[in-house]
Amino acid sequence: MKFRILLLIFCCFFSANVLAQSTYSIKGEMIDTAEKAKLPNTSIVVLNAKDSILRAFTRAGADGSFAINNLNKGKFILLITYPGYADYVEKFNLDSVKTKHDFGKLSMVLKTRLLADVIIKSKVTAIKIKGDTTEYNAKAYVIQPNDKVEDLLRQLPGIQVDKDGKITAQGETVTKVLVDGEEFFGDDPTLVTKNIRADMVDKVQLYDKKSDQATFTGIDDGIKTKTINIKLKEDKKNGVFGSLNGNVGTDDYYEGQLQFNKFKAKEKFAVYGTAANDGRTGLGFNDASNLGVSSDNIQFVDGGISITNTGSNDALDSFSGYYDGKGVPVTQSGGVHYDGKFDNDKESLNTNYKVGAIDVTGVTNMVTQQALPTGIIGTNSNENFNTSAFRQKLDLTYQVKLDTSATLKISTDGTYKHFDVHNNYQTKTDSSGTLLNSDKRDIINHGDTYIFDASALYTKKFKKVGRTLSWSIAEAYNQSKTDGFLNSTIDTYNAGAVNDSTTNQYKTTNTTSSVLNSNITYSEPITKKIAVLFNYGFAVNNSSTDRLSYNQSSPGVYNQIDSTYSNDYKFNQLTNQLGAIINYKYKKAIFNFGTKASAVNFKQEDEYTGDVLTRNFINWAPQAMFQYKFSQQRNLLINYYGNTTQPTIDQIQPVLVNTDPLNVTIGNPELKPSFTNRFNMYYNSYEVLSGRQFFISAYYTNTSNAIVNNTTFNDGKNTIQYVNLPNHDQYVYSIYSMLSENIKPFDVNTGLILNTSGNVSYSYINDALDRGDSYTYTASLFFSKYVQKKYDFNLRAGPSYTFSSMSLQPDANNNAAGFNSSGRFDLYLPLKFGLGSDVRYTYTAQTQSFSAEYLTIWNAYVFKTFLKDDKLKISLSGNDLLNQNTNFSRGVTGNVTTQTNTSGIKRFFMLSVTWDFTKFGTIPAKN
Amino acid sequence: MKTILITLAALLFTGNILFAQNTHFTTSGSIEFEKSINTFAIIKKLYGNDMEGFLQQAFDSYKKTQPQFRVLKSTLTFGDDKTLFTPVPPETTTGGFFNLQMTDQNNTIYSDLTTHTSTIQKLVFEQTFLVKDTIRKIKWKITDETRDVAGYPCRRANGLMMDSIYVVAFYTDKIPVSGGPESFSGLPGMILQVALPHENMAWVATKVTDNVIPAGTIAPPKKGKPVNDKQLFDTLQSVFKNKGNPAQINFVLKQYLL
């Protein structure tokens, strides 16, 4: 009876089990062969037989049993693993006939592993090694078109791989295979089609890799792992690109430009040229950097960039490639460039030859108002100028990586410049309507300048992170000779009588200067957060200026030396500078502060009289900076710089010159230095997802004991002397803020800009102290949208108000309202047409002394492109359609308010053709 | 009757055999991971293979001063078939000329391996999202290659995720929890090493601690704007629209969806 009950229970148990399994399923029980012990937690895995894709998995229960339901029909592999035991593999099928599979009791065997011929094998095979570090050149081995990297490794002598995929060398296991430094896993062709092919391999390196700790401290701890590093070939670029551009316009305007660039692997050669009379002077920054021409100017420091002007400040080298001065230029310029990298990128050479000529003609009208205690003196001046310059420059830069921690950069350049200047001035000065004097001056000058520079920079990084040394030395030698004529006539009016005064002289100037400077900087980390930077530098400056003025002895013969206006000075200056800065870095904050002190010995000798002027002084330059990076998109920067400004030689003991007889400067040997404090603040926050941006920047500069003008106005002539300003500070400030957001759903970027700036300056006039104030407030609203290749537009407009006054004549202020606006749009039409236009409107109100200024500059263009990739473009453009262009500015300094107007390029139409050519071959890494 | 009882008892007793005192299986504890990012390769991919002029100089300078691999740490706590992945804030932030913010560890991930759901607190630029959805499905393929990671014997599996990202992972039988760092999961054991060879990043466990995790420690994060996978994808796609060429946009988008 009991037996039957038990049997019934067993049957129920089994039948219950049968009922539960209504889908495809498997089950079984795990035991250890030897001990017959159950194996709980055994990993039970079901894979597709065809591709080993994981279908399901489970773990054996506490009693060793397992079951997996919810399978499908198909061919599978059962993979059972347990740490320390052989993998158990069995194939099985489930179909409509057999929906369940019971594996029964499965026993696992310790240690030995069954050959897994149904599971994908790793493909590395036998190669042997000799030696510590071996490098194999992949080209030496036979590779079939579709061989994988593993097939190449197979061929390399000296490397051994056993059946399980372990690579050994001299009994040591190769544990790491890297590709270009990153661990290599070998692609699975059934999952990804991209894979590394044997023909992409350049070199295979085999070496003992020191542990990471040993690499950092430099102390060998004996732990090494055998590593294979596979270096892939870089695609070799080979080709030609460039552009050809020709423009012709009305009123004889033209522009032509050619850029041709040929490169092969690591060498590049370029030729370029420009000829234009419409304002273009040469390559702008983008084109120049693409050709590699401007490599000198850009420095990458600590993750950021700084672009410095290397000092060749001639009109031909401008940032935009367009003339940014006054007048209308005619230019021709061109250059040749070569650069290359050698010895595995360890050495590089960059050399350029540039030649250019620029001829500028223009007219400037200047109206000034001088405030006196007694009234206002007004001056109206017209200047016709013509400058032409010719310049040739050759430069060479060589950089070499001496080893992994040290680099050396050597640069040298030579320039030859020639210039011709012709200025003609006509000036009238009056006092409240009464004419005081009128002056006509004609100045002609020619000159030649030779410049030679050489410099070297050595940098070294030591093993300790943060300990670095850099040393630079540079020599700049400059020699120039100019000669010319000064012809001036001054008529002074005094109660009806006229007094004539004429000067007619021939002048020559010879200047030579040589500056040698060197600086050594050393940085040392004190703790993880604090580092100290020291620097020592010196500069030796020797120069001489020899000026001669000749009067006519007979018409056309200038051989009488005028000793009042001739002089010969020699000038020596020795500067020693010592500086220290402490830098603190922690998480998101950086803080540094420090100072530099320069001891200057200065000597000027007058060769005619033998008089010697010596000055010794110390300049201080304290600085501090705080930066906080809230996040990648939000940061704050505050900094302070202070520096001493010494009076210049022109303020202490100026050379007597008569080029402008109505404005003469006399010296003041009692001058003391001034000290300037500069505060800067900058905050930027940009939200990527919402497109909202807020930006504010401000600066404030104040100068104490400033050096200001002390002018005496007498008989229509200004005599200027420089003096220190006690009891008052001069200052300048500016605050600029911008808030913008992407307005959805139109996706238009909209924003508001609020800006204020001002300055306070002082001067003495006829012994009275005058204070000049100028404050400007601007607000503007802007909208912009850009859809690539479809259309874009931007519009900006807003009012401004300027307060401008001089304390000696408070009623004669020049407060004026203004309005500024600009807008543009570009539209791409079907059939490869396009058009666009831009307008700029500015208005400055009339004041007591100045007339109102209105300016509307309107340009428009239409174009059509041809050829594949729009390589050929023909466009028709109209510039300054309303014919109003002029350069206009108004400002106040001390007791003088000035308004200037200079001629510029006005209306013209231009037809231009541009062809971009590219013949790119990439020699693919296949070779 | 007695015989039957005795037989039964005997069977039962033999049924109650010795449990194998072979291996200790870890079902709860914590793992320290290190993520290493090949910054040189990523910059090259982002800015294109033919960087000219200015950009190439910036990259050359970057290569001279910055290490090739950026290392970030994280911790994975697991127990009761649940896992919590928490990144460790880095000592230095990404900065400088090349913006590699997308490679930062932006996710705190809670996964419930029983219900196959996860809650991810994801920081994308200035916005924190709370993504609640099913655990990411990865198509895995088991191989027979093995290696030791952090002292645990591991087996290699190759996988494909998000239809295009190739994954190589090493999991260990000794930790019968089908989780891993970030969103990598779905293997028969804990993933102790995983690499994305074509995205140039890899994670490896440096230390495994076997201990009991107090109740309540492994809990889902709560901060963030609640979204599901599809909403997150749509939001990100609209942000990156028009910000670069399709290959670049695709690359950056993938990083933020990982």
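Below, all heavy atoms of this structure are taken into account, side chains as well, without hydrogens, waters or symmetry copies. Residue numbers begin at 1 in each chain, while the letters A, B, ... track the order of the sequences. A quick note: this is a predicted structure, and the numbers were derived from the prediction, not measured.
Taking 4.5 Å as the limit, some side-chain heavy atom of Leu54(A) sits within range of a side-chain heavy atom of Pro188(B). Counting heavy atoms from C-beta on, the side chains of Asp51(A) and Lys139(B) never come closer than 4.5 Å.
Residues passing the ring-ring contact (aromatic ring centres under 6.0 Å, His included) test with Phe184(B), sequence neighbours excluded: Trp203(B). Taking Lys461(A) as the reference, nothing meets the salt bridge (charged side-chain N to carboxylate O under 4.0 Å, His left out) condition, with sequence neighbours excluded.
Ranked by non-hydrogen atom pairs under 4.5 Å with chain A, the options Asp173(B), Thr172(B), Thr235(B), Thr27(B) are led by Asp173(B).
Shortest non-hydrogen contact noted between Pro40(A) and Phe25(B) is O-CE1, 3.7 Å.
Around the CZ atom of Phe630(A), the shell of radius 6.0 Å holds more than 12 heavy atoms that belong to other residues, nucleotides or ligands. Counting heavy-atom neighbours within 6.0 Å of Lys785(A) NZ, excluding the residue itself, gives a total above 12.
With a threshold of 4.5 angstrom between heavy atoms, Lys341(A) approaches chain B through side-chain atoms but not through N, CA, C or O. Residue Met161(B) does not touch chain A at all, counting heavy-atom pairs closer than 4.5 Å. Proximity to chain A (any heavy atom under 4.5 Å) is restricted, for Ile175(B), to the backbone atoms N, CA, C and O.
No side-chain donor-acceptor contact under 3.5 Å links Arg59(A) to the backbone of Val177(B).
Between atom CD of residue Glu126(B) and atom OG of residue Ser685(A) there is a gap of 8.0 Å, rounded to the nearest 0.5 Å. In this structure, Asn41(A) CG and Thr26(B) OG1 are separated by 10.0 Å, a value rounded to the nearest 0.5 Å.
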